[in-house]
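For reference, the structure is listed below as structure tokens.
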Amino acid sequence: MKIASWNVNSLKVRLPQLTEWAAEAKPDVIALQETKLEDAKFPVDELAAAGYRAVYSGQKTYNGVAILAREEPADVVTDIPGLDDPQRRILAATVGSVRLVDLYVVNGKAVGDEKYAYKLDWLAKVRDFLEEEHKRHPHLVVLGDFNIAPDDRDVYDPVAWGEDVLCSPPERDALKAITALGLHDSFRLFEQDGGHFSWWDYRQAAFRRNMGLRIDLILVGDALKQAVKAAAIDRTPRRWERPSDHTPVTLDLDI
DNA sequence: ATGGTAGGGCACCTA
């Protein structure tokens, strides 16, 4: 099973790129973030024509998550205990033997901002939800836009970035509290070097200069670790005309 | 410290 995650930054704009990329990369499952579409406007028919069933939790203008799969995703969850949140950022579903949790983690704006406090609270509640999900479903995959660079290798200029939002110790600790549940950053099972990023700001020709961060992650539960064949970042769509600021990340599982 | 770009939607907000 090949699983992908992509923050498309507007599914309406990126739909042609999504179908083109999927036809080439052939993932069995794709988790999307920042669809920015209310559910009534989700492109169900276009994605069915591309061979994918879809479940989604969207809203107008902001946020929005979706899971596409060759077969209909089951046991869908869009809201978690303790988080009464109108922002559509979480989607859990089961595809085959794998339980997927798609996350669009709060950006946080800046350390100390009220959005930053919301981010830390949100992450703590998601951790508790993931603990329960992992107990219930050992074949757990947690993926999405985490809006946290796990460590300095995941930052193009860690000195300049310092302890700003996306890199601050409380955020990294919140991510560690999630990986401590027995969830492994699949990319780091294969690659130890820095310089591998999944997001580049639209400004300052950041992609051309590889001024990026690795903030899009696919975490796998202990029980799935031995089934992981490959994990990668596919920068191809970031080179296309009118790209998302994020590029897809992928995981190959031998199941 | 600021602003650069992009998307949504039409004045700014979010990233």
Side-chain angles (χ1 to χ4, degrees), chain A residues 5-21 30-43 46-47 56-66 83 85-91 102-123 126 143-150 154-168 170-172 174-175 197-217 233 235-249:
Chain A
S5 174
W6 193 2
N7 179 326
V8 290
N9 187 18
S10 169
L11 183 53
K12 184 182 171 185
V13 172
R14 235 63 70 186
L15 182 59
Q17 296 189 16
L18 174 62
T19 54
E20 182 174 350
W21 180 75
I30 312 174
L32 302 176
Q33 304 86 36
E34 280 204 270
T35 56
K36 298 185 177 179
L37 282 179
E38 49 196 332
D39 291 348
K41 294 186 176 171
F42 198 87
E46 292 89 338
L47 290 166
Y56 36 90
S57 179
Q59 67 183 90
K60 203 174 178 178
T61 311
Y62 302 118
N63 310 314
V65 282
L83 200 60
D85 189 357
Q87 300 192 22
R88 301 292 80 196
R89 296 178 173 277
I90 301 175
L91 184 62
D102 180 15
L103 300 178
Y104 174 45
V105 174
V106 177
N107 174 286
K109 189 171 181 178
V111 175
D113 191 275
E114 62 181 22
K115 292 191 177 76
Y116 180 79
Y118 164 58
K119 178 179 197 173
L120 294 180
D121 179 63
W122 190 94
L123 284 163
V126 167
L143 73 176
D145 176 0
F146 281 72
N147 268 319
I148 302 169
D154 304 309
V155 181
Y156 72 93
D157 186 347
V159 174
W161 208 276
E163 297 187 351
D164 286 354
V165 73
L166 310 195
C167 297
S168 73
E171 293 168 80
R172 286 176 167 171
L175 177 58
F197 309 128
S198 65
W199 169 86
W200 301 262
D201 199 292
Y202 283 122
R203 296 163 286 195
Q204 299 175 309
F207 180 64
R208 183 178 58 72
R209 301 157 74 189
N210 199 29
M211 295 166 61
L213 302 178
R214 192 176 69 89
I215 55 178
D216 298 272
L217 311 177
I233 301 171
R235 286 183 298 175
T236 307
R238 192 62 178 78
R239 299 190 187 97
W240 292 344
E241 284 287 317
R242 213 181 171 191
S244 169
D245 46 351
H246 297 252
T247 211
V249 295

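Just so we're on the same page: letters track the sequence lines, and every chain starts at 1.
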- Message: Around atom CZ of Arg172(A), are there more than 12 heavy atoms from other residues, nucleotides or ligands closer than 6.0 Å?
- Response: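 Atom CZ in Arg172(A) is crowded, with more than 12 foreign heavy atoms closer than 6.0 Å.
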- Should the heavy atoms of other residues, nucleotides or ligands under 6.0 Å from CD of Glu163(A) be counted, would the total exceed 12?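 For Glu163(A), atom CD is not crowded (no more than 12 foreign heavy atoms under 6.0 Å).
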- Query: Is Arg89(A) touching bases, backbone alone, or none of the nucleic acid, heavy atoms closer than 4.0 Å?
  - Reply: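 Arg89(A): backbone/sugar contact only, no base atoms under 4.0 Å.
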- Task: Would you mind classifying the nucleic acid contact of Phe207(A) as base, sugar-phosphate or nothing, using non-hydrogen atoms under 4.0 angstrom?
- Result: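 Nothing, no nucleic acid heavy atom in range.
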- Item | Plane angle bin for Trp6(A) and Trp21(A) - parallel if under 30°, tilted between 30 and 60°, otherwise perpendicular |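 Aromatic pair Trp21(A)/Trp6(A) classed perpendicular.
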Round to the nearest Å and state the distance from [X] atom [atom1] to [N] atom [atom2].
X	N	atom1	atom2	result
Gln33(A)	dA15(B)	CD	C1'	14 Å
Asn7(A)	dT14(B)	CG	P	16 Å
Asn107(A)	dC13(B)	CG	C1'	12 Å
Glu114(A)	dC13(B)	CD	P	12 Å
Phe146(A)	dA15(B)	CZ	P	17 Å

[atom1] gap between [N] and [M], integer Å:
N	M	atom1	result
dC10(B)	dG4(B)	P	24 Å
dA11(B)	dG7(B)	C1'	15 Å
dA1(B)	dT5(B)	P	22 Å
dT14(B)	dG9(B)	C1'	13 Å

- Working to the nearest 0.5 Å, report the span between CG of Leu83(A) and CG of Asp121(A).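 That separation rounds to 7.0 Å.
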- Test log, rule side chain to side chain donor-acceptor pair (under 3.5 Å), inputs Arg88(A) and Asn63(A): CA-CA 6 Å; Arg88(A) 301 292 80 196; Asn63(A) 310 314; over 6 Å; no
- Message: According to salt bridge (Lys or Arg N to Asp or Glu O under 4.0 Å), who are the partners of Asp145(A), at least two apart in sequence or on a separate chain?
- Response: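 Expected list: none.
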- Query: Once each nucleotide of nucleotides 4-12 of chain B is scored for protein heavy atoms under 4.0 Å, what B/S/- sequence comes out, 5' to 3'?
  - Reply: BBSSSS---
- Item | Under 4.0 angstrom between Lys115(A) side-chain N/O and dT14(B) OP1 or OP2 |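 For dT14(B), OP1/OP2 do have a side-chain N/O of Lys115(A) under 4.0 Å.
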- List for me each residue that meets side chain to side chain contact (heavy atoms under 4.5 Å, CB included) alongside Lys12(A), sequence neighbours excluded, and say none if there are none.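 If we apply the side chain to side chain contact (heavy atoms under 4.5 Å, CB included) test to Lys12(A), skipping adjacent residues, the hits are Ser10(A), Leu37(A).
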